[in-house]
Amino acid sequence: MPNQNCIHCGSKSDAEKHLTQGELTTLGTSCARVNFKKGELIFREGNVATNIVYLTSGLVKIHMKGPVSDKILRLTKAPAYLGLPTTIGDKVNQYSATALSNSTACFISLDIFRDFIVQNSGFAYEIILDLCRNELTDYQRYTNLSQKQLPGRLAEILMCLSEKIFESNRFELPLSITELADFISSSRESVSRQLSEFAKSKIIKLSGRELEIVNTELLQMICMKG
DNA sequence: GCATTAACCACAG
DNA sequence: CTGTGGTTAATGC
């Protein structure tokens, strides 16, 4: 595969915008762009981490194996880095990333990436910023999810999908019922029932995977009350 | 006690 | 994988 031309790439991360022409050229020699189909694994928990992965298009779930079942940690929408903590923080991936839609990701050699952090403070700062923001939203989600009952937890995820991911009241559910359960730490049966409940009380409309939030105010209420 | 919540199991599409 | 019904354990009036 020929080297990527990162200099003129339109999907640079905020950090990469700080790179010099020379650094971008270096980046090009060690960056490979790969397409993934919906459902394909981008990197696997337990494998050796040798690349930084930057998602340029698509939606991805970050998940790890629990003692009982899979646990979805986070949904990540492009553009975003997928595994900075697991790639830099350990030699082996602590979690997996799976494409929820057709996606494109750049694989960047860890050595090069580390050099940029050491050499370029603007680049390093953006990376730290990214990590900090993610950590904050994760803290928020986990405190929220751990203190709400099922309706509140499900409502929160639906609101999040609607507001943050799709920016619409109407969207196709990117997660199966089982995955929703893995996300909000519940059982698939409970999620299934709760979704029907929401539909029955006209808060949402669900046909197949198509979901429409009809009564946003009420869903918001349920979300906040827990 | 009684009601509520939600997990677990089993079975059927 | 999803939906449903029955059962059960924990928790809160």
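Quick note on labels: first sequence line is chain A, next is B, and so on, each numbered from 1.
For the pair A/F113 and A/Y54, the minimum side-chain heavy-atom distance is 4.5 Å or more.
Nucleotide C/dT2 holds its P atom 14 Å from the CG atom of A/L211, rounded to whole Å. For the pair A/L173 CG and C/dG3 C1', the interatomic distance rounds to 16 Å; values are reported in whole Å. If you take CD1 of A/I177 and P of C/dC1, they are 11 Å apart, rounded to a whole angstrom. Nucleotide B/dA7 holds its P atom 11 Å from the CD atom of A/Q194, rounded to whole Å. Remark: P of B/dT5 and CD1 of A/I184 are 15 Å apart, rounded to the nearest angstrom. The distance between atom CD of A/Q147 and atom P of B/dA6, rounded to the nearest whole Å, is 15 Å. One interatomic measurement links the two molecules: CG of A/L206 to C1' of C/dC1, which rounds to 14 Å at whole-angstrom precision. If you take CD1 of A/I222 and P of B/dT5, they are 12 Å apart, rounded to a whole angstrom.
Side-chain nitrogen and oxygen atoms of A/S186 include none within less than 4.0 Å of the OP1 or OP2 phosphate oxygen of B/dA6. Residue A/S196 places none of its side-chain N or O atoms closer than 4.0 Å to OP1 or OP2 of C/dG3. Distances shorter than 4.0 Å separate none of the side-chain N or O atoms of A/S187 from OP1 or OP2 on B/dA6. At B/dT5, none of the side-chain N or O atoms of A/S190 fall inside 4.0 Å of OP1 or OP2 (strictly under the cut-off).
When distances run from any side-chain atom of A/R209 to the nucleotides B/dA7, C/dT4, C/dT2, the shortest one goes to C/dT2. The side chain of A/R188 has B/dC11 as its nearest neighbour among B/dC11, B/dT5, C/dC1.
Taking 4.0 Å as the cut-off between side-chain N and carboxylate O, A/E156 and A/R153 do not count as a salt-bridged pair.
Not counting sequence neighbours, A/S201 has no partner by the side chain to side chain donor-acceptor pair (under 3.5 Å) test. Considering only residues two or more places apart in sequence or on other chains, A/F183 meets the ring pair (Phe, Tyr, Trp, His ring centres under 6.0 Å) condition with none of them. For A/F171, the ring pair (Phe, Tyr, Trp, His ring centres under 6.0 Å) test picks out A/F166, with sequence neighbours left out.
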List the atom pairs, with distances to 0.1 Å, where a side-chain N or O of residues 207-226 of chain A and a protein N or O form a donor-acceptor pair under 3.5 Å, not counting sequence neighbours.
{"from": "A/E212", "atom 1": "OE1", "to": "A/R170", "atom 2": "NH1", "distance (Å)": "2.6"}
{"from": "A/N215", "atom 1": "OD1", "to": "A/L218", "atom 2": "N", "distance (Å)": "3.1"}

- Query: What string of B, S and - do you get for nucleotides 6-11 of chain C, 5' to 3', if B is base contact, S is sugar-phosphate-only contact and - is no contact with any protein heavy atom under 4.0 Å?
  - Reply: B-----

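Contact of A/E189 with B/dC8 (side chain to base): no donor-acceptor pair of N or O atoms is detected under 3.5 Å.
Screening residues 93-109 of chain A for side chain to side chain donor-acceptor pair (under 3.5 Å) gives A/N35-A/T104, A/S57-A/T104, A/H63-A/T98, A/D90-A/Q94 as the qualifying pairs, with residues at least two apart or on separate chains.
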